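Some notes on the structure that comes next.
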Amino acid sequence: MTTPVAGWYADPTGQAPLRWWDGATWSGYVTGWADRAASWRLAGWWERARGYLMDAGLLWLASLFLLERWHTPFINEVVGILRVSILTDGGRLPGPVLWWDYGLVQLWLLTAIPGIILRVGYDLLCLVWQGATIGHRRVGLRVVAAAEDPQTATGHGLVWHRALRRSLVLRILAPTCLGWLVCVLWPLADSQRRSLADLVAGTLVVARDDERPLFPLGEPGVARQTRG
């Protein structure tokens, strides 16, 4: 087994987040929980996209099982339009006019509204309880209030009205092509990488900065020392 080099590692005693390994033995120097919280940064665009796609996939599967009675008529109508257009128009896909049929739009709304309710409920449960959705947690992200210091605000969830505002903007815009593009591209133009939903709710998405050492290697004296 290879002996690890000197540095900060997970405390094997469980007394603190990290303990200093001097290359031969575990020392009495540890980091406190406040030190551990001080390693958050603004989430990058791709990190946010990964979390969003994970949540989208999870919610799509849940929607198929829980909202089947709303989805089935809409799917059948779409399939019917495709079949008729392909058979009667030389094999070409239907033009945009057919997709604006009143009956089809009505079915789409009947499908979208229960889906929005499901997604808003999911967001509220996750963001108020833990400050992160399942997708966020899988990629090491959290949602915090912009008015708070991200380094100290990551130990709790959002207040419910902030989480509700964020979710409503995201979930109402996302079902449309234009709204989806706005949700996806907005953080690229914002200096704090906020989406439109973040701006409305006053939130930031932060990521765990695992690559940045909490303390310079070879200087354990800046950390707290435990007795014994």
Side-chain angles (χ1 to χ4, degrees), residues 7-11 17-18 31 33-66 115-116 118-160 162-177 179-215:
W8 294 100
Y9 297 94
D11 185 4
L18 300 175
T31 63
W33 292 108
D35 301 321
R36 184 185 177 103
S39 58
W40 294 84
R41 56 176 170 76
L42 290 174
W45 182 86
W46 178 237
E47 291 172 310
R48 295 179 61 124
R50 286 169 56 203
Y52 177 84
L53 290 173
M54 288 183 184
D55 284 328
L58 176 65
L59 287 167
W60 182 75
L61 290 175
S63 180
L64 286 181
F65 287 101
L66 298 177
I116 290 173
L118 171 67
R119 286 158 174 77
V120 169
Y122 168 79
D123 289 341
L124 281 177
L125 177 64
C126 294
L127 295 179
V128 172
W129 180 30
Q130 293 186 321
T133 64
I134 295 174
H136 287 147
R137 295 188 67 190
R138 291 292 297 173
V139 296
L141 305 182
R142 288 186 69 90
V143 182
V144 300
E148 299 179 270
D149 182 357
Q151 313 302 346
T152 59
T154 52
H156 54 80
L158 296 176
V159 293
W160 71 268
R162 194 182 296 277
L164 180 62
R165 293 202 307 271
R166 187 179 193 277
S167 180
L168 285 175
V169 173
L170 176 63
R171 300 307 177 184
I172 290 176
L173 285 178
T176 65
C177 292
W180 184 82
L181 284 174
V182 169
C183 291
V184 169
L185 299 179
W186 197 288
L188 292 173
D190 188 87
S191 61
Q192 292 184 294
R193 301 171 188 170
R194 295 167 296 182
S195 66
L196 183 59
D198 289 318
L199 289 171
V200 172
T203 56
L204 294 173
V205 179
V206 294
R208 181 79 188 173
D209 194 359
D210 293 323
E211 296 181 357
R212 187 183 68 186
L214 297 181
F215 300 104

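Bear in mind the structure is a predicted one, so any value in this text is a computation, not a measurement.
- Arg171 places no side-chain N or O within 3.5 Å of a backbone atom of Leu118 that could act as its donor or acceptor partner.
- Taken to the nearest 0.5 Å, the CG atom of Leu53 stands 12.5 Å off from the CG atom of Leu58.
- At distances below 3.5 Å, at least one donor-acceptor pair connects side-chain atoms of Arg48 with backbone N or O atoms of Arg193.
- Rounding to the nearest 0.5 Å gives a distance of 10.5 Å between CG of Leu164 and CG of Leu127.
- The side-chain heavy atoms of Val206 and Arg41, taken from C-beta on, include no pair separated by under 4.5 Å.
- One finds the CG atom of Leu66 at 10.0 Å from the CG atom of Leu59 (value rounded to the nearest 0.5 Å).
- Here the OG atom belonging to Ser167 is positioned 14.5 Å from the CZ atom belonging to Arg162, to the nearest 0.5 angstrom.
- Counting all heavy atoms, side chain and backbone alike, Leu170 lies closest to Cys183 at CD1-SG, 3.8 Å.
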- Would you sort out whether Arg194 and Leu204 count as a side chain to side chain contact (heavy atoms under 4.5 Å, CB included), showing the intermediate values? CA-CA 6 Å; Arg194 295 167 296 182; Leu204 294 173; 3.5 Å; yes
- Message: Let's go through Trp186 and Leu181 carefully: what are the C-alpha distance in whole Å and the side-chain angles of both, what is the deciding distance for side chain to side chain contact (heavy atoms under 4.5 Å, CB included) to 0.1 Å, and is it a yes or a no?
- Response: CA-CA 8 Å; Trp186 197 288; Leu181 284 174; over 6 Å; no
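- Within 6.0 Å of CZ on Arg165 lie more than 12 heavy atoms contributed by other residues, nucleotides or ligands.
- Counting heavy atoms from C-beta on, the side chains of Leu141 and Glu47 come closer than 4.5 Å.
- Taking the side chain to side chain donor-acceptor pair (under 3.5 Å) definition, one finds that Tyr122 meets it with Asp55, sequence neighbours left out.
- With rounding to the nearest 0.5 angstrom, the CD atom of Gln130 is 7.5 Å from the CZ atom of Arg142.
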- Task: Begin from the C-alpha positions of Asp123 and Arg166 and carry the test side chain to side chain contact (heavy atoms under 4.5 Å, CB included) through to its verdict.
- Result: CA-CA 9 Å; Asp123 289 341; Arg166 187 179 193 277; over 6 Å; no
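- Counting heavy atoms from C-beta outward, Thr203 and Val144 have side chains that stay 4.5 Å or more apart.
- With hydrogens and angles ignored, the 3.5 Å screen pairs a side-chain donor or acceptor of Arg119 with a backbone N or O of Gly115.
- A donor-acceptor contact shorter than 3.5 Å links the side chain of Asp198 to the backbone of Ser195.
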- For Leu173 and Leu196, what are the C-alpha separation, side-chain angles and deciding distance, and is it a side chain to side chain contact (heavy atoms under 4.5 Å, CB included)? CA-CA 10 Å; Leu173 285 178; Leu196 183 59; 3.7 Å; yes
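- Looking only at distances, a side-chain donor or acceptor of Trp45 sits under 3.5 Å from a matching main-chain atom of Val184.
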